[in-house]
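Just so you know, residue 1 is the first one in the sequence shown, and it goes up from there. Scope of the values below: all heavy atoms of this structure, side chains included, with no hydrogens, waters or symmetry mates. A quick note: this is a predicted structure, and the numbers were derived from the prediction, not measured.
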Amino acid sequence: MVDYDVVSGEKTVLATRCSFHVVALFLAGLCVLGCGGGKQATPGSNTAATNGGGENEVTNELLFSAVSQLDVESLGISTDPESAISLINQAFVLSTEEMGEITEAASNSWSGLLSEAERNFASGQEFSTRDGLHMWDALLSRDLAYVASGSGETELEQANALFRFVVRNLSLADRHPSDLPLTLQEIWMAGHATAADRAWAFGSLLRQLDIDSVVLTPADGDDAATQPFLVGVMLDGKVYLYDPRLGLAIPSADGSSTATLSEVLAQPELLSALSVSDGRPYPLTAEQLKTARVMLIGDSAYWALRMRALEKAFIGNDRVRLYDGLQDDADQPGLVSRVVQAGGDLWDRESVSVWDYPESQLAGHASMSLSQQDALRTVKDSWKAGWQEEGDDFSRQDGVTSASQFAARLRQLMGDYQGAIKLYVQIGKTNRDFQKLQKGEVVPQLFPQQDEGIGFDEGEQAEKIRKMENTKRFADFENRPKAEKEAMLKGLAQYHANKIRQYRSAANDAAYWVGLCQFELDKIPASKNTFELYLKSYPAGSWTTASRYGIALGQAAEGDYAAAAETLVATPKSDPAYDGHQVQSRLWKQRAEAAVDSEK
């Protein structure tokens, strides 16, 4: 994976992490929850010893089964967290006495920060379905942070790399589909995100690297989801600033690094320089940041006391941050204290609050109406393209049961770009076959498979068998009268109506994501060609702006900043990415002009 700094033009090779199974990483840490105590974990009443094994063995088996169902590779497709959470609750609980002690210690830090509903959720003894979604989001963020931070030698380099990864992989949108409340996993899989989503995702990645971050917004403003805001990343006593809406780290005075809050307060022109025009000024001023609200990025699941115990099961290289308590613990300061200390003279405890955007999304997701659930299923429908469901007799060409759009996107995010491209290309090929079928053309591999045991193994022999079966299948079809064949093909198209819809939508995404994968593989000419092909094939597609941005990134990576600036300046004014692209275009134009001047 290759990362390009859009401002400096520096090129960095990043790490790749293969997709993982939660079961494997959990093995080493299981006994932390079930091997005789520990103050946080007490075996539950349903973990009685059985013949040939003791209480600890049963507890471990329950936990093993639970995390087997939280396999990241099947997130939101073949599993839901409810059964896994039930097993975790059987495996262990926090005792009432321990919960009382912890809650009392936390109450002062929670005061004024959490609503009653949030306090009740954070202090609950049992794990809930929402906790399962939290585990999914945290595990995914952990692995994405590993991939995106790459070879950064300093924490600032890692933070910059994470931010660029977020911007490349989450194309800016002004709202969610049907205004649905979404989890981080759903946002990453869809690839479209609001500025608030980007901030949330960025903060979650940073947390997995033990880097604290906050949202900074005017003290007299409303929620940061609708008001201008910046993300502040706290490193080495400084607060570095990032703008998720523009998709830019705030440039320092010389443009060589990320500006800090102290630098911006001392040099207000660093922000005003990011204005699109005189009539479209930058929406934040240094004066507003002097008294900004400082909002913690996270939700009640991260503050939940039960998560502290569960986190202990993930150890060593498999460690994941499931818990980030607001209150101070005996051995380390809590999030509130760390943020107050990092702010120094920039803010005090009274300025600190909890950003309500993540909580509103997750709480809303947990209480969706039936119509919202239906709308979410529609959003996720294309993710199933290529997914082999029970009872499905569709003879797919790829022969890989897990070759879904969802699996391809997950591979992409995890850094397996070649594997993702292979699946995306197959999605596009199958979609073209469906288009042929709709035009009345005969596509043998789209006929129902007569032998369920044929066609789902890998290898050349399986391919030969599949072709032989298709040949036999169509021998009778070809001898039928023309009108009867046409009727059969229309019926077949109706038979595949759901998959035709899935693949049509999935192919649109895949056509763009192939180009992004090629860019990450440093295949710049190929990526630009793919993005240009997308613009020709889908002139009104959902990735047109992102494709132009991809072309511009490729041009900048090749050192052609003048061309990159010209490409971005064409972004329509109605597009949510317009401001960011205009500012980025101007920065690239300045860089191109500086290069010309240096050659004189």
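In this structure a side-chain-to-backbone donor-acceptor pair under 3.5 Å is missing from Glu359 to Gly298. Side-chain N or O atoms of Arg308 include none that pairs as donor or acceptor with a backbone N or O of Gly325 at under 3.5 Å. Without hydrogens or angle criteria, Gln361 side chain to Pro358 main chain gives no donor-acceptor distance under 3.5 Å. At distances below 3.5 Å, at least one donor-acceptor pair connects side-chain atoms of Ser204 with backbone N or O atoms of Trp200. Judged by distance alone, the side chain of Thr217 and the main-chain N or O of Pro228 form a donor-acceptor pair under 3.5 Å. Using modelled atom types, one side-chain atom of Asp197 and one backbone atom of Thr194 make a donor-acceptor pair closer than 3.5 Å. Between the Asp416 side chain and the Gly419 main chain, a donor and an acceptor come within less than 3.5 Å of each other. In this structure, the side chain of Glu311 engages the main chain of Tyr323 through a donor-acceptor pair within 3.5 Å. Remark: side-chain polar atoms of Glu118 are paired, donor with acceptor, to backbone N or O of Ser115 under 3.5 angstrom. Proximity of a side-chain donor or acceptor of Arg142 to a complementary backbone N or O of Leu322 within less than 3.5 Å is not detected.
Taking CG from Leu209 and OG from Ser141, the interatomic distance works out to 10.5 Å, rounded to the nearest 0.5 Å. Atom CG of Leu144 sits about 8.0 Å away from atom CG of Asn169, to the nearest 0.5 Å.
A ring-ring contact (aromatic ring centres under 6.0 Å, His included) with Phe202 is found for exactly one of Phe163, Phe165, Phe229, namely Phe163.
Arg245 has no carboxylate O lying under 4.0 Å from a charged side-chain N of Asp174, or vice versa, which leaves the two without a salt bridge.
Side chain to side chain, Gln372 and His365 fail the donor-acceptor criterion of an N or O pair below 3.5 Å. A side-chain donor-acceptor contact under 3.5 Å links Asp509 and Trp543.
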**Item:** Working for salt bridge (Lys or Arg N to Asp or Glu O under 4.0 Å), residues Arg293 and Asp220
**Value:** CA-CA 8 Å; Arg293 284 194 296 165; Asp220 58 352; over 6 Å; no
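Figure legend: cation-pi geometry between Arg321 and Tyr302 absent, as NZ or CZ is not positioned both under 6.0 Å from the six-membered ring centre and within 45° of its axis.
Classification of the Tyr424-Trp513 ring pair by plane angle, with boundaries at 30° and 60°, yields tilted.
Residues Trp303 and Trp110 keep their aromatic ring centres 6.0 Å or farther apart.
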